[in-house]
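Remarks on the structure that follows.
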Amino acid sequence: MNPGTVLAAAAHHPGFLSPTGVEITFVLVGLATLGAALLTVTTKQLVHAALWLVVALGGLAVEYLLLTAEFIAWVQVLIYVGSVVVLLLFGLMLTKAPIGRSPDADSGNRWVAVGVAGAAAVTLVWVVVDAFRSTWINLHGAVQGTSHATGTSLFRHWVLPFEALSVLLLAALVGAIVLSRRTDGGKETE
Amino acid sequence: MHLAYPAVLAALLFCVGVYGVLARRNAILVLMSVELMLNAVNLNLVAFDVWLRDTLHAGQALTLFTITIAAAEIGLGLAIVLLVYRNRGSSDIDRLTALADPAGPRGDGTGRPGAGEDPDGPGTTAGDEKAEATA
Amino acid sequence: MNDTLDVVLRLIAVLVVFLVLPLVVGQTEHKVMAHMQGRLGPMYAGGFHGWAQLVADGVKFAQKEDVVPADADRRVFQLAPAVALLPYLLVLIAIPVGPHGFVGQALDAGLFFVLAVMGVGVLGSLMAGWASANKFSLLGALRTAAQLMAYELPMLLAAASVAMAAGTLSLPGIVESYHWWWTLWQLVGGLVFFCAGLAELQRPPFDMPVADSEIIFGAYTEYTGLRFALFLLAEYAGIVVLCGLTTVLFLGGWHGPWAGSVGWLWTLLKTAVLAFVVIWLRVSYPRLREDQLQKLAWTVLIPLSLAQIALTGVVKVVIS
Amino acid sequence: MTLTALAALVPLLPFLGAAAGLLLGRSAPGFVRPLAVLPTAASFVLAAVVAARQGTGAPTDAAHRLATTGSVPVDLALHLDGFSVLIAVLVGLVATCVQVYSLAYLRDDPRYPSYAGLVSLFTAAMLLVVYTGDLMVLLVGWEVMGICSYFLVGHYWETETARAASIKAFLVTKLGDVPFLIGVFALGADAGTFRINGILAAAADGRLHHPTVVALLLLAGVAGKSAQFPLHTWLPDAMAGPTPVSALIHAATMVAAGIYLVARLLPVFTASAAALAVLAAMAAVTMIGSGLAALAQDDIKRVLAYSTIGQLGYMAGALAVGDRRAAVFHLLSHGAFKALLFLGAGVVIHAAGTNSLTAMSRMGGLGRRIPDALWTMGLSLASLAALPPLSGFFSKESVLRAAEHASAGDTAHVPSAVGWTVLVAALVTAVLTGAYATRLFLLAFRGSGPEVPDHGRQPLAMTTVLWVLALPTVAFGGLTYRELPHWFGGPSGDGLGPVLTTSVLGTGLAAVGVLVAYAAWQGTAAIRGANPIGAVVAEPADAEPALVEAEAIDTHAEVYGDVASAEDLGDPGRLLLGPLHRSAAHGFHLDAVYGVLFVRPVLAAASLVRFLDRDVVETYVKGAGGTPKLLGAAVRKAQTGNVQTYLGALLAGAVVLAVIVAVGA
């Protein structure tokens with residue numbers, strides 16, 4: 001796909017006032033995702049935060065599906081919802097997350113954080129809208145995110161990074177094990 | 001579909017993650033916020049990959065890598081948090097300020113005698129007890 | 001219009017299967033266990049060999065008071081059974097029963113979808129255990145989570161082996177490319193997959209998270225009435241899904257004599273046999289200890305599945 | 001041995017003795033006493049030999065230029081004439097007596113080595129002043145005496161009184177020394193030399209351009225050293241030093257130095273009538289004031305101190321009327337009897353255990369216990385009161401005669417008003433002197449009341465010295481007044497002997513003073529009997545005399561409420577002075593005036609300087625240090641250790657950069 005065709009596609013895109021069904025769905029799911037994400041970072045109940053994170057991640061998986069990135073979507077569900085969140089919950093429970101509100105869930109940096117995040121949001125949205133308000137994604141045609149396509153590109157063009165990543169995973173595995181080991185000698189086996 | 005939709009959503013999600021990283025006390029909540037930020041990036045990658053119809057599928061490949069790294073990060077991060085919790089009895093980020101320049105005359109010296117000590121003195125033993133109870 | 005009708009019909013069929021098969025498995029379990037233990041099992045409900053026993057149980061559960069502990073996190077507590085149950089319903093959609101589109105919805109990355117969604121189910125257990133404000137429940141939930149983390153990996157690896165062999169992630173595609181000798185080729189992977197699946201379902205002998213002699217009933221201790229019934233339903237739905245998946249991935253699904261016409265029967269049959277094995281295992285094996293559980297996953301199943309992948313890769317290269 | 005070499009040895013021997021004594025004081029305590037006495041005694045003998053060999057001959061001068069200085073040359077010069085050799089003999093005599101006396105007086109003092117060394121050094125410095133022919137070298141001796149007096153007055157530095165007195169002595173004399181130094185430079189600049197002979201020649205030729213200024217500047221130094229009004233206040237307070245030191249300072253050395261200097265440089269002063277007038281006024285005020293003050297003092301040594309000031313006033317008066325022979329004559333006789341008076345006072349204090357006349361007046365039998373002191377002090381007091389035929393009579397008579405001569409306008413360069421001033425003041429002072437001498441004697445030795453506590457037998461060294469000094473006290477004046485003019489180089493006809501008018505006047509007035517004081521003493525006897533003021537007796541028997549004295553001085557203010565006086569209604573001085581008594585006892589409050597005029601402004605200036613240093617200068621210094629500290633604290637504040645704060649700042653910066661880039665683009 002050369003830039004010319006992209007521009008050509010962008011030239012005759014429908015307006016924002018006549019959204020397609022996919023767009024409507026995307027926006028609705030996006031709103032839900034955003035809401036869940038906001039709840040994740042604002043709720044005072046720690047475990048609820050993790051559960052809202054599940055919703056947000058799930059919503060993102062749906063967005064991937066809507067963007068025809070099917071494989072990514074399922075990986076998202078598998079890794080994030082199935083493992084990462086479970087790990088997070090696991091960690092929360094190990095650190096004795098209480099039931100109910102934790103009054104000290106937010107630190108004193110809260111208003112600074114609001115300021116920084118708000119400014120960043122305004123800036124980013126402004127820039128992004130300014131840059132891409134007339135850009136159109138053509139979702140028709142060949143599906144972009146089939147496992148075949150993804151696998152092909154991954155193992156044909158991205159093999160070296162992939163292998164490097166496997167080394168990284170191994171290192172992370174070893175690191176996590178080392179970190180989690182009790183350091184007080186080998187006398188206490190488990 | 002307009003590219004603006006996923007792009008704006010990604011930007012907003014990213015900022016929500018920023019807020020979470022900056023405002024949350026609990027280290028695990030901070031990790032969650034980091035996940036949100038990573039996901040925002042992923043969404044952007046996917047959206048632009050789909051828009052550009054990249055033959056290399058760089059966006060999606062990178063997304064996969066990101067997800068992998070996120071998984072590794074969460075594993076290591078949790079291991080660290082649990083270790084800290086075991087040693088300190090707390091996973092509050094703003095109490096983990098052992099690297100702060102200590103106030104008072106002790107900080108005037110060239111050495112850093114306060115760095116190695118636990119800033120919340122009596123809390124150490126309580127933390128150890130908790131850690132043992134947890135283990 | 002025709003498409004919509006088609007989709008609706010398929011979903012209804014899946015729902016029916018989802019509602020019926022677990023009950024069948026449950027009833028079978030009652031009877032099989034009873035007979036294996038030298039007793040009769042339910043005999044009266046419904047008349048013939050107590051066939052309506054589970055229906056009666058359902059009615060009984062529905063009548064019971066829905067108790068939520070005072071200190072519990074109410075919403076999470078109430079939501080947990082649904083989270084535990086729904087993934088299996090979704091998974092059922094993707095499992096092909098017969099050839100020629102005899103499937104709820106054929107997905108490109110069906111295998112991935114199935115595994116991913118099944119992984120979500122464990123969230124229900126975690127939520128239930130944490131929200132109960134009960135230390136036995138929390139322990140159960142933690143054990144569940146640990147077990148899930150441990151067995152997810154061999155399960156995925158085993159499934160990946162099949163996907164490699166078939167060259168596709170689509171479940172119907174896998175079944176289609178199945179040959180009889182695959183069963184031998186993927187035997188180790190199959191065993192690993194089945195074991196890991198059992199562990200994810202917390203079925204005996206991997207039922208440490210719900211060990212009633214230690215932690216009462218784990219994450220489900222505080223549940224009563226219909227919500228408890230939903231957890232039970234989720235477990236049996238899990239058995240169905242696991243057996244169905246094992247069938248599809250390792251036993252060739254609808255392959256068999258006259259597959260073109262009665263393929264779906266072969267699938268059901270194989271699933272039933274596997275379900276029987278699940279029940280059989282429950283009766284015959286003692287419960288594994290927590291450390292044995294972890295050890296089995298990390299030191300036996302994962303190496304085995306890796307070996308299986310290696311074997312698959314070698315054979316795949318050789319035959320191509 | 002040549003005369004010059006002998007004369008050079010005179011100041012050198014005590015100096016070497018002092019150096020050896022100070023060096024060996026710790027390591028070889030056995031050598032300290034010989035090293036203290038022998039060089040001084042040898043120096044005395046040598047001074048006597050020098051005097052004998054110099055005799056009435058022409059002045060001997062010797063000079064050795066050590067190094068060429070830039071402009072005005074400084075020579076190591078020796079000048080021997082009648083004045084200097086006689087004064088040197090006096091210095092040697094008194095110093096020897098004082099050293100011998102100190103052997104007993106400070107027998108157990110742990111700081112005796114340094115004390116003896118300093119006394120020797122003091123003596124050496126004075127001898128240097130006496131013998132030198134160069135003003136610069138004189139200045140060296142002059143300043144060495146100043147520092148030695150500081151150390152010696154502060155010998156009992158454990159007591160507050162001694163510390164204050166030593167500092168006061170040092171500062172007040174320095175106050176005079178600064179203008180004195182300037183005067184010396186001016187003189188040297190005017191005359192082109194520091195050699196005294198050269199200066200005198202210049203003065204005779206009228207080559208001095210600013211005689212008045214120079215003379216007044218020099219007078220300031222003289223007033224400081226010789227304790228003339230208004231710089232005399234250090235001398236009574238210097239009584240806090242040990243008695244021998246007082247004797248040394250008062251009789252022969254320090255205070256004599258000023259008089260001697262004026263005597264040497266008299267032509268410079270006579271060149272300026274104003275200087276002579278000032279000197280006369282100074283002398284007159286000093287004489288009368290000190291006489292009144294002496295009458296009111298309670299401390300026996302302070303009485304003597306004021307009497308010294310008064311007698312120095314006589315000498316200054318004699319100089320004011322241009323007769324240096326009379327001045328030096330009085331200096332010599334006064335040196336003898338004043339040394340005797342002080343040393344006798346030391347014996348009295350030791351015997352009585354107190355320095356308070358009030359206390360002594362309530363004691364019986366003090367005279368019987370110390371007959372040596374009784375007789376010698378009686379003689380010397382009579383000499384002080386100028387009763388014939390004692391030395392004091394002849395020397396004071398010569399002063400009166402000179403003043404009378406000047407008042408008649410017969411003396412060249414000297415206005416008759418100066419003569420009259422000096423004459424009248426001297427006559428009034430004669431009355432006062434007679435009165436306070438009588439009062440002292442009667443109160444000290446004729447007291448009635450309980451028996452004096454026994455302080456043991458007076459050491460032989462002390463009593464012997466008294467009798468040795470009694471000889472010149474009695475005989476010096478009568479024997480020498482005919483010879484001295486030859487020694488002093490004047491025409492023989494112009495003698496120093498008594499003339500009828502002034503001797504009748506002087507003796508009569510002194511007798512009036514004596515009688516009035518005696519009458520007052522008798523008149524107040526009843527009051528004394530009615531008001532027994534307990535004698536505070538410091539030490540038990542056999543204590544070291546110096547310790548007794550130190551304690552007596554230290555406790556005086558405590559017991560009687562004042563350093564100088566005591567609340568004694570039976571004091572004849574009080575009766576005689578009437579309302580003046582109080583201010584006289586306090587030296588006419590001159591110290592208070594000084595306090596207001598100098599001490600307070602200086603303290604205020606010091607506090608101003610302190611303020612400027614602490615609050616102004618230091619503010620900049622502190623600011624220079626504090627600003628980086630504050631900045632550092634601010635930076636340190638940023639180092640919270642809170643990761644989120646860091647991240648917040650980082651991301652905020654990133655947003656700002658992004659906005660800048662976006663807007664800029």
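Chain A is the first sequence line, chain B the second, and so forth, proteins listed ahead of strands; every chain is numbered from 1. Keep in mind that this is a model prediction, so the values were computed, not measured.
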With chain B as the partner, which of [options] has the greatest number of non-hydrogen pairs under 4.5 Å?
options                               : answer
A/Leu154, A/Ile72, A/Val125           : A/Ile72
A/Leu92, A/Val129, A/Val112, A/Thr152 : A/Leu92
A/Ile79, A/Leu38, A/Val128, A/Leu88   : A/Leu88

Please determine, among [options], the option with the most heavy-atom pairs under 4.5 Å with chain A.
options                            : answer
B/Val18, B/Val8, B/Leu36           : B/Leu36
B/Asn26, B/Val30, B/Asn42          : B/Asn42
B/Ile69, B/Val81, B/Leu62, B/Leu43 : B/Leu43
B/Leu83, B/Leu82, B/Leu64, B/Leu31 : B/Leu64

Q | Structural part of B/Leu12 lying under 4.5 Å from a heavy atom of chain A | A |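 Looking at B/Leu12, backbone and side chain both touch chain A.
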Q) Does any heavy atom of chain A fall under 4.5 Å from the side chain of B/Ala10, the backbone, both, or neither of them? A)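 The answer is neither part of B/Ala10.
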Less than 4.5 Å to any heavy atom of chain B: does that hold for the side chain of [X], its backbone, both, or neither?
X        : answer
A/Leu60  : side chain
A/Ala121 : both
A/Val114 : both
A/Thr25  : neither
A/Leu53  : side chain
A/Ala50  : both
A/Glu63  : side chain
A/Leu46  : both
A/Thr42  : both
A/Tyr80  : side chain
A/Leu31  : neither
A/Leu168 : side chain

Q: Measure the CG-CG distance between B/Leu38 and B/Leu13 for me, rounded to the nearest 0.5 Å.
A: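 Taking CG in B/Leu38 and CG in B/Leu13, the distance rounds to 11.5 Å.
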Q.
If we count only N and O atoms by modelled type, under 3.5 Å, do the side chains of B/Asn39 and A/Gln76 hold a donor and an acceptor together?
A. yes
Q.
Please check: side-chain N/O of B/Arg24 versus main-chain N/O of B/Ser33, any donor-acceptor pairing under 3.5 Å?
A. no
Q. Judged by atom type as modelled, is there a donor-acceptor pair below 3.5 Å linking the side chain of A/Thr40 to the main-chain atoms of A/Ala36?
A. yes
Q.
For the aromatic rings, using the six-membered ring if either is Trp, is the centroid distance between B/Phe48 and A/Phe132 under 6.0 Å?
A. yes
